[in-house]
Structure formats: structure tokens, C-alpha cells
Q: 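What follows is a single structure, and I will ask about it in a moment.
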Amino acid sequence: MLTISQLKNNTQEVIRLLGIKNIDTESKINEILAADQSRKSTQKDHNDLQSDLNAMAKEIGALMRKKEIGKANVLKVKTTGLKEKVKNLQEKQVELEDRIYHLLIELPNIPHPSVKPGINENDNELIEQHGEIFETHALPHWEIATKAGIIDFEAGNKLTGSGFPVYVGQGAKIQRALIHFFLDKATDQGYTEIEVPVIVNEDSAFGTGQLPDKDGQMYFLSQDKLYLIPTAEVPLTNLYRNSIVAQNELPIKLCGYTPCFRREAGSYGKDVRGLNRLHQFDKVEIVQITKPENSYQVLEEMVSYIANLIKELDLPFRIMRLCGKDLSFTAALTFDFEVYSAAQKRWLEVSSVSNFESFQSSRLKLRYKDDNNKNQLLHTLNGSALALPRILAAILENNQDGNRIKIPEALVKYTGFDQIEI
RNA sequence: GGAGAGAUGGCAGAGUGGUCGAAUGCGGUGGUCUUGAAAACCAUUGUACCGCGAGGUACCGGGGGUUCGAAUCCCUCUCUCUCCGCCA
């Protein structure tokens with residue numbers, strides 16, 4: 001969440017930048033600042049009175065020890081009225097803090113200055129494009145995969161419902177190969193591989209900003225009040241919830257493979273055909289925690305890391321900078337990676353890399369000690385590296401060659417085969 | 001699922017109504033000593049908010065209560081551990 005000092009120091013600029021996300025926050029921010037003023041004065045009154053009360057309690061204690069019960073009793077009577085006042089002030093203070101907090105967590109992150117306004121995803125800005133896009137009579141991946149017998153969509157329907165495919169034989173192996181390949185690459189790049197729970201508690205879901213914003217998008221286990229993770233970002237980043245890390249531990253670089261679970265309520269049509277949009281899918285995620293002054297350089301690094309990953313798989317792709325409207329609640333700047341899917345003739349998002357600046361760390365209370373030994377919020381970043389289903393879809397659609405599908409060379413040592421016969 | 005025990009500072013671990021933001025040990029930081037290091041010794045070492053500052057307030061798992069005063073007593077919730085049962 002944003003901090004009061006962010007709002008106070010730059011009120012007009014913050015309002016303007018949030019406008020780029022296409023929301024008007026002026027009245028809300030003014031309300032927060034006014035409530036904070038009143039909180040401060042309430043707190044001062046409250047603290048002063050409490051201080052008086054504490055002093056009297058001490059005095060009573062001293063009198064009791066000297067057995068001057070009479071004097072003590074006189075003082076006791078005097079505290080009664082004060083106690084009432086303190087209680088009222090305390091209640092008022094808590095009420096104000098509560099109100100400020102609830103207003104604050106409803107504000108999305110401030111977009112980076114490079115973010116353009118835009119109305120929808122068509123306004124996302126093309127940054128780079130790689131690889132060749134060619135005309136082809138390739139079959140869409142759901143047809144070719146079914147024909148080759150490597151994905152059984154029907155079986156998934158039977159077991160669970162739509163959006164839960166079953167991978168068979170070479171299909172299952174290619175999944176495992178991709179996970180292995182992505183983890184090896186990330187490890188080579190200095191990310192520490194972590195295996196985490198795929199079910200998290202409410203605090204964790206709140207820490208990275210999924211709650212309260214995306215409540216309905218997560219699977220919820222009501223018996224235990226736990227959430228299935230929509231991305232490894234949640235457990236990986238929450239490892240550092242409520243901590244103060246030493247400077248020499250920075251930057252923190254983590255990666256992890258997890259299945260991801262998303263309800264995808266409201267999705268329909270061609271968007272959800274085949275592997276395009278699933279309720280359960282596999283993903284390797286990379287996470288970095290950095291000092292504020294380094295985070296944008298780190299974002300660049302992560303972008304080029306992911307670009308190289310897709311290049312190694314020989315897939316045509318492009319990098320988009322999200323416009324304000326398309327930017328998530330929590331992100332300050334996001335680059336999406338989209339691979340071209342030859343048969344569907346469309347771009348499929350396979351990765352999203354974001355800098356959250358201090359938006360997550362303020363919720364997470366994730367800090368470090370700066371050179372002056374003061375605690376400062378860190379910056380958090382993460383990116384998919386990569387999400388499997390659409391990568392597989394693109395491989396199946398782009399690499400069709402007669403009655404076989406060619407496995408990208410970099411993957412062969414992981415799959416153990418270099419083609420899938422149809 | 002049944003029975004019991006517990007939750008205190010980075011860690012370990014005292015503390016059962018006032019002098020406790022909290023002993024002690026370990027760890028961390030700074031220093032003395034040393035050619036350097038170790039050891040030893042000395043000092044320092046939690047977080048958040050309010051205040052220009054002096055300083056103040058809160059926090060001993062969370063919430064509520066009793067009391068002039070709560071880490072300490074009461075209620076409640078959560079979590080952890082041990083034993084039994086079940087089990088990859």
C-alpha cells in the first residue's frame with residue numbers, strides 16, 4: 001500500500017499519476033490527509049493524558065509502599081475521570097487509524113513516469129519484437145495435442161472440470177522438461193531455488209496485495225481459511241514478511257516452481273480454448289528484493305533474462321510496456337512478454353515482469369537498515385520465467401512440420417526426445 | 001480425531017501485580033589490547049507512532065476484561081510442541 005508520507009510529500013503529483021491508471025483519487029487522498037491530521041492531534045492528547053495517568057499510578061504505588069493508604073485513596077479517586085477521557089481518546093484514535101488504513105489499502109500503486117495512460121490493452125506499448133512471424137496452415141494446439149495424444153482435455157473435464165488439462169506421455173515429459181529447464185536457467189543466473197507451500201494464509205495473500213483486491217479470483221479453502229496460490233510470488237515474497245534484512249544480503253534473488261490456481265471468473269470464449277487460460281497451470285517465478293535505488297536497473301535485468309529464455313526456445317515474441325489502465329493494482333511498471341501463436345494468429349502472454357517499488361513491502365513490513373542505520377522499505381519485483389501452458393501452445397503451433405512437432409533444441413537434453421510424432 | 005503442554009527481544013531463557021521495555025547467556029556493532037587474528041575486557045545493541053527538541057505513548061502470540069497500576073490475574077481466539085490414533 002502507499003504510505004501517508006508518500007501522499008503528503010507529493011499530493012498533487014500522486015493524484016496526477018494515479019489518474020494515469022484511470023482513477024480519480026483526489027477526494028480519497030484529501031480525506032486520508034485530513035484524517036491523519038486529526039489522528040495526530042488525537043494521539044497527542046491521548047498520549048499526554050496517558051502520561052499523567054501513568055505518573056499517578058506510580059505515585060500511588062510509592063504511597064502504598066510507605067503505607068500511606070489515605071493519600072493513595074485520594075489519588076485513586078482523581079484517576080477515575082481521567083481514565084474515562086483516556087478511553088474515549090483512545091477509541092477515537094483507533095477509529096481514525098482504522099479509517100485511514102482502510103482508505104489506504106484501497107489505493108493502487110503509483111505508476112512509473114514512463115507509463116502512458118491508455119484505455120485498454122491495445123494501448124500497451126510495443127518495446128521490442130523478436131523472431132519471424134510466418135504464414136502457416138498449422139493446426140491450433142488443442143487439435144494437434146489431442147491428435148498426438150499428449151494432452152487429454154476430456155479427461156481433465158471428467159476429473160475436475162474445464163481448465164484442468166491432463167498431460168500424457170510426451171506431453172507430461174515436456175512439462176517436466178520445461179520446469180527443469182527454467183529452474184536451471186534461473187539458478188545459473190544466481191536465483192536461489194525454493195520450494196514453497198501452494199496454500200497460504202490470509203496474511204500472506206494480503207502481504208503481496210492479492211487481498212483484498214483479488215479476493216474472488218483465488219480458490220479459498222473455507223474450512224481452514226486458506227488460499228490456493230495464484231502465483232509463486234505470494235509465498236516467495238512473503239518469506240520476507242515482517243523482516244529487516246541486512247544490507248549485505250541484498251539483492252535477494254529467489255526462484256521457484258509451483259502450480260498456480262486461478263478461478264478466472266468471468267472468462268469465456270476463444271480466450272479459454274485449450275491451454276489459453278487454465279484454472280491450474282505450472283509456472284516458474286523469479287523474485288527479487290532490492291534497495292530502492294537499484295530496482296529499475298534490476299527490472300531491466302529481469303526483462304533481458306526473460307527475453308533470452310524465450311529466444312532459447314526459438315519462439316517469436318514481443319515485449320510490451322503496459323499502459324496505465326492495464327497495469328495491475330500493485331505494480332508501478334510492468335512489461336508483458338507475448339509469444340506468437342502461429343495457428344491462432346495471436347499473441348499469447350507468457351510472462352509479466354513488474355516492479356512493485358515499496359507497495360508490497362509496506363504491507364509486508366519488509367525493510368533494511370540504510371547507511372544511517374534507519375529502517376527503509378525495500379523494493380520488490382517479480383516475473384514469470386516462465387508460465388508453461390502458452391509456451392507449450394506456441395511450441396505446438398509454431399513447430400509443426402508435416403506429421404511431427406519439433407522440440408526446441410535447448411529443451412532436448414531435458415525431454416530426451418527431439419520430436420513428437422502425430 | 002483424542003489427551004496434555006506452551007507462546008517473552010536476532011536466538012536461548014528468567015520473570016506470578018508497582019522500582020519491567022523486561023535479568024542472564026549467546027549473537028551483532030564500536031572500542032581497548034595485538035604485527036595481524038583469536039581470546040579477554042569495556043561500551044553499545046528491538047519496533048512503531050507523536051514531538052523541532054527534551055521527551056512521551058504503545059508493543060512480552062491476537063482480541064477483550066479486572067485494577068490506581070498487568071509480561072504477571074480472568075475470558076476468548078489463533079498458532080506451536082509432546083503423546084496416542086490415522087497416514088505419503
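Quick note on labels: first sequence line is chain A, next is B, and so on, each numbered from 1.
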Q: Check this for me: A/Lys28, atom NZ, are more than 12 non-hydrogen atoms of other residues, nucleotides or ligands nearer than 6.0 Å?
A: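 Above 12, so yes.
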Q: What are the residues of residues 28-35 of chain A, sorted by number, that bring a heavy atom to within less than 4.0 Å of RNA chain B?
A: none
Q: Using whole Å, what does the distance between atom P of nucleotide B/rG63 and atom CD of A/Gln90 come to?
A: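 In whole Å, B/rG63 P lies 11 Å from A/Gln90 CD.
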Q: Supply the atom-to-atom distance A/Glu31 CD to A/Arg99 CZ, rounded to the nearest 0.5 angstrom.
A: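 Here the rounded value is 5.0 Å.
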Q: What stem regions, each of at least 3 consecutive Watson-Crick or G-U pairs below 3.5 Å, can be found for RNA chain B?
A: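 For RNA chain B the paired stretches long enough to count as stems (3 pairs minimum) are B:1-7 with B:78-84, B:10-12 with B:24-26, B:27-32 with B:40-45, B:46-50 with B:55-59, B:61-65 with B:73-77.
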Q: Could you grab the distance from atom CD1 of A/Ile179 to atom OH of A/Tyr257, nearest 0.5 Å is fine?
A: 4.0 Å
Q: Carefully, step by step, assess A/Asp36 and A/Arg39 under the rule salt bridge (Lys or Arg N to Asp or Glu O under 4.0 Å).
A: CA-CA 5 Å; A/Asp36 189 54; A/Arg39 188 212 102 234; 2.4 Å; yes
Q: Please report the interatomic distance CD1(A/Ile4) to OG(A/Ser362), rounded to the nearest 0.5 Å.
A: 11.0 Å
Q: Can you tell me how far CG of A/Leu364 sits from CZ of A/Phe356, rounded to the nearest 0.5 angstrom?
A: 11.0 Å
Q: So which of residues 237-244 of chain A are in contact with RNA chain B, with a heavy-atom cut-off of under 4.0 Å?
A: A/Ile244
Q: State the CG-OG distance between A/Leu377 and A/Ser361, to the nearest 0.5 angstrom.
A: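 A/Leu377 atom CG to A/Ser361 atom OG measures 4.5 Å (nearest 0.5 Å).
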Q: Angle between ring planes, A/Phe220 versus A/Tyr227, binned at 30° and 60°: parallel, tilted or perpendicular?
A: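 Tilted, since the angle between the ring planes falls between 30° and 60°.
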Q: Nearest whole Å is fine: how far is B/rG64 P from A/Lys87 NZ?
A: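 Roughly 10 Å, once rounded to whole Å.
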Q: When you measure from the centre of the six-membered ring of A/Phe206, is the NZ or CZ of A/Arg363 under 6.0 Å away and within 45° of the axis?
A: yes
Q: Over how many whole Å does the gap from A/Glu91 atom CD to B/rG63 atom C1' extend?
A: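 Nearest whole value for this atom pair: 14 Å.
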Q: Under a 4.0 Å N-O cut-off, is there an ion pair linking A/Glu421 with A/Arg404?
A: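 No, this pair does not count.
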Q: My understanding is that only one of A/Asp123, A/Asn124, A/Ile119 makes a side-chain contact (heavy atoms from CB on, under 4.5 Å) with A/Glu121; could you say which?
A: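 Going through A/Asp123, A/Asn124, A/Ile119 one by one, the side-chain contact (heavy atoms from CB on, under 4.5 Å) with A/Glu121 is satisfied by A/Asn124 alone.
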Q: What is the distance, to the nearest angstrom, from the CD atom on A/Glu249 to the P atom on B/rG28?
A: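 Atom CD in A/Glu249 sits about 14 Å away from atom P in B/rG28.
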Q: For the pair made of NZ in A/Lys78 and C1' in B/rG69, what is the distance, rounded to whole Å?
A: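 Taking atom C1' of B/rG69 as the reference, NZ of A/Lys78 is at 16 Å.
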Q: Between A/Arg367 and A/Asp224, just flag the one whose closest nucleotide in RNA chain B comes earlier from the 5' side.
A: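 On the 5' side of the pair lies A/Arg367.
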Q: Rounding to an integer number of angstrom, what distance separates B/rC26 and B/rC77 when you compare their P atoms?
A: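 To the nearest whole Å, 41 Å.
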Q: Using a 4.0 Å heavy-atom cut-off, write out nucleotides 50-61 of chain B from 5' to 3' as B (base contacted by protein), S (sugar-phosphate only) or - (no contact).
A: SS----BSS---
Q: Which of residues 60-75 of chain A sit near RNA chain B, with a heavy atom under 4.0 Å from it?
A: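 The stretch gives A/Ile60, A/Gly61, A/Met64, A/Arg65 as the residues lying under 4.0 Å from the strand, ordered by number.
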Q: Roughly, in whole Å, what's the span from CD1 in A/Ile4 to C1' in B/rA48?
A: 14 Å
Q: In terms of the nearest nucleotide of RNA chain B, which residue is placed more toward the 5' end: A/Asn375 or A/Lys76?
A: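 Result of the comparison: A/Asn375.
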Q: State whether A/Glu95 and A/Lys92 are salt-bridged, where the test is any N-O pair (Lys NZ or Arg NE/NH1/NH2 against Asp/Glu carboxylate O) under 4.0 Å.
A: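 No salt bridge links A/Glu95 with A/Lys92.
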Q: For the CG atom of A/Leu7 and the CG atom of A/Leu33, what is their distance to the nearest 0.5 Å?
A: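 It comes to 6.0 Å.
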Q: For residues 80-117 of chain A, which residue pairs pass the ring pair (Phe, Tyr, Trp, His ring centres under 6.0 Å) check, not counting sequence neighbours?
A: A/His112-A/Tyr296
Q: In terms of heavy-atom contacts, does CG of A/Asn9 have more than 12 from other residues, nucleotides or ligands at under 6.0 Å?
A: yes
Q: Where does the angle between the aromatic ring planes of A/Phe329 and A/Phe359 fall among parallel (under 30°), tilted (30 to 60°) and perpendicular (over 60°)?
A: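 Rings of A/Phe329 and A/Phe359: perpendicular, over 60°.
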